[in-house]
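A note on names: the letters A, B, ... follow the listed sequences, proteins ahead of strands, and every chain is numbered from 1.
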2 protein chains.
Amino acid sequence: MSDNESPSPRLRRKEDARAHILQAARRIVLDEGFAALTMRRIAAEVGYSPAALYLHFESREAIARELGGAGMRSLHGRLARAAETVDPLARISALGAAYVAFAREEPETYRLIFMEPGFAASALGGEDEAGAAAFALLAGAFAELAAAGRLRAAADPAALATGLWVLLHGIASLKMTCSAFLATPEEPLLASMLDSLLNGVLRRVDQP
Amino acid sequence: MSDNESPSPRLRRKEDARAHILQAARRIVLDEGFAALTMRRIAAEVGYSPAALYLHFESREAIARELGGAGMRSLHGRLARAAETVDPLARISALGAAYVAFAREEPETYRLIFMEPGFAASALGGEDEAGAAAFALLAGAFAELAAAGRLRAAADPAALATGLWVLLHGIASLKMTCSAFLATPEEPLLASMLDSLLNGVLRRVDQP
DNA sequence: AGCGTTCACTGAACGATGTTCATAAACTAA
DNA sequence: TTAGTTTATGAACATCGTTCAGTGAACGCT
């Protein structure tokens, strides 16, 4: 499996430069917001001339795309940790909480992934691996519920996962752009909506 | 009630100019997207010099804000028409369909209102009249349901309206940025989610 | 070792952006 | 008519993404 033992110091340094640029870009986005992600700003941060960035990235959008990919992997990581919850019902709550927490704690990253035009289009559509994996975590929980016979007959796990994502994204993004409107904190709102949704979807059982 | 019979041709022309500018701006956003809304582009459209725009508006953002306000009034208009449905349950469906249709047919307007940073913050928070009125339409439907005793005990109409808005915004905005992900058309997805949500919130009755 | 080639990088520039300012024309009020 | 306010302009400034002709330094080869 050794792809290349000594990766040629040339390429090594090239990849280092790429990494440094991305790291600087990430720092800027986190500290000053996505709007501050400027080629000249990045260049100053890494000690390059603005033109040098184009030797490592095609455009500013390419850097943003890469950053978005990393953000998506980060989100996937959080969801994966939440997905360790064994009970599928509690897992759904944990996944939702993790998702909303990510959006709250790294709003600029979230905006970059899901709210910037012309980029997120490919984030979940299959092209992005982490995005698909993240979605699979949600779908898995519903699939387990279905397999355990705890779902109403007509309920489709994939559709439910999509619905859950829609709900989570609705909370996360509305909170970001219309925080005054969403006076309720995210968590209680999420809990109550999840309650209603699951209440409508779960098979009713006399308490066993 | 006559505020001012002859509004002084001075002011008349000034307001005309404002209207012309906004109209041109609206045309640009609709035809070429929000990103194309440039001061120079607007100026060219209305036949002014770029600097002249600053005699009528404080900044580009002010124009965008005004446009967003108009968009919100337009959305409110659609919702108001849908709100004529008498049965509150059917009305909720109609409101949802109208909302999603607005976002689909005028995506750039929707993005301007709800997805552009630093603007939508005040769209629903009470400052904007149309926004509050639009929300009241949703809340009204749930309040009627509650008054008719068709809601579960713990259900709070205002919270439910917020939840519905979250859901609608989730569908509308995810469709815009991750259309590949939302392979399902908006309407069936909305219908099924609304079904589950209401199913979990409505008081169960033996069919009367 | 020396030579030629490739590579990483820079400085200056281009077109476009939002915005400001001095200036001129046009309209209003006396 | 004259004085003054309003409206519009053209040129300019700073900043943006991006391109391109050069400049060394590092690399591969003989």
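- Within 6.0 Å of NE2 on B/His56 lie more than 12 heavy atoms contributed by other residues, nucleotides or ligands.
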Can I get a per-line list of side-chain donor-acceptor pairs under 3.5 Å for residues 41-55 of chain A, giving both atom names and the distance, sequence neighbours left out?
{"residue": "A/Arg41", "atom": "NE", "partner": "A/Glu32", "partner atom": "OE1", "Å": "3.4"}
{"residue": "A/Arg41", "atom": "NH1", "partner": "A/Glu45", "partner atom": "OE1", "Å": "3.0"}
{"residue": "A/Arg41", "atom": "NH2", "partner": "A/Glu32", "partner atom": "OE2", "Å": "2.6"}
{"residue": "A/Glu45", "atom": "OE2", "partner": "A/Arg27", "partner atom": "NE", "Å": "3.1"}
{"residue": "A/Glu45", "atom": "OE2", "partner": "A/Arg27", "partner atom": "NH2", "Å": "3.4"}
{"residue": "A/Ser49", "atom": "OG", "partner": "A/Ala51", "partner atom": "N", "Å": "3.2"}

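- The number of heavy-atom neighbours closer than 6.0 Å to CD of B/Glu58, taken from other residues, nucleotides and ligands shown, is 12 or below.
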Test side-chain contact (heavy atoms from CB on, under 4.5 Å) applied to A/Glu106 and A/Leu75, step by step = CA-CA 10 Å; A/Glu106 291 189 42; A/Leu75 170 59; over 6 Å; no
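- Sorted by residue number, the members of residues 47-59 of chain A with any non-hydrogen atom under 4.0 Å from DNA chain D read A/Ala51, A/Tyr54, A/Ser59.
- With sequence neighbours excluded, the residues that form a side-chain contact (heavy atoms from CB on, under 4.5 Å) with A/Ser196 are B/Leu197, B/Val201.
- The cationic group of B/Arg60 lies under 6.0 Å from the six-membered ring centre of B/Phe34 and within 45° of the ring axis, placing it in a cation-pi geometry.
- Between C/dC7 and A/Lys14, no contact under 4.0 Å exists linking OP1 or OP2 to a side-chain N or O.
- By the neighbour-count criterion of 12 heavy atoms within 6.0 Å, atom CZ of A/Arg104 is densely surrounded, having more than that number from other residues, nucleotides or ligands.
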Output a table of nitrogen or oxygen pairs between the protein and nucleotides 24-28 of chain D separated by less than 3.5 Å.
{"residue": "D/dC27", "atom": "OP1", "partner": "A/Arg13", "partner atom": "NH2", "Å": "3.2"}
{"residue": "D/dC27", "atom": "O4'", "partner": "A/Arg10", "partner atom": "NH1", "Å": "3.1"}

So A/Leu145 and A/Ile92, side-chain contact (heavy atoms from CB on, under 4.5 Å) or not? Walk me through it.
-> CA-CA 10 Å; A/Leu145 279 181; A/Ile92 289 175; 3.9 Å; yes
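- Residues satisfying the ring pair (Phe, Tyr, Trp, His ring centres under 6.0 Å) criterion with A/Tyr99, sequence neighbours excluded, are A/Tyr110, A/Trp165.
- Taking a 4.0 Å limit (strictly below) on heavy-atom distances, residues 33-46 of chain B reaches DNA chain C at B/Leu37, B/Thr38, B/Met39, B/Arg40.
- Between the CD atom of A/Glu61 and the C1' atom of D/dC16 there is a distance of 15 Å, given to the nearest Å.
- Under the 3.5 Å distance criterion, the side-chain polar atoms of B/Thr177 are matched with a main-chain donor or acceptor of A/Phe114.
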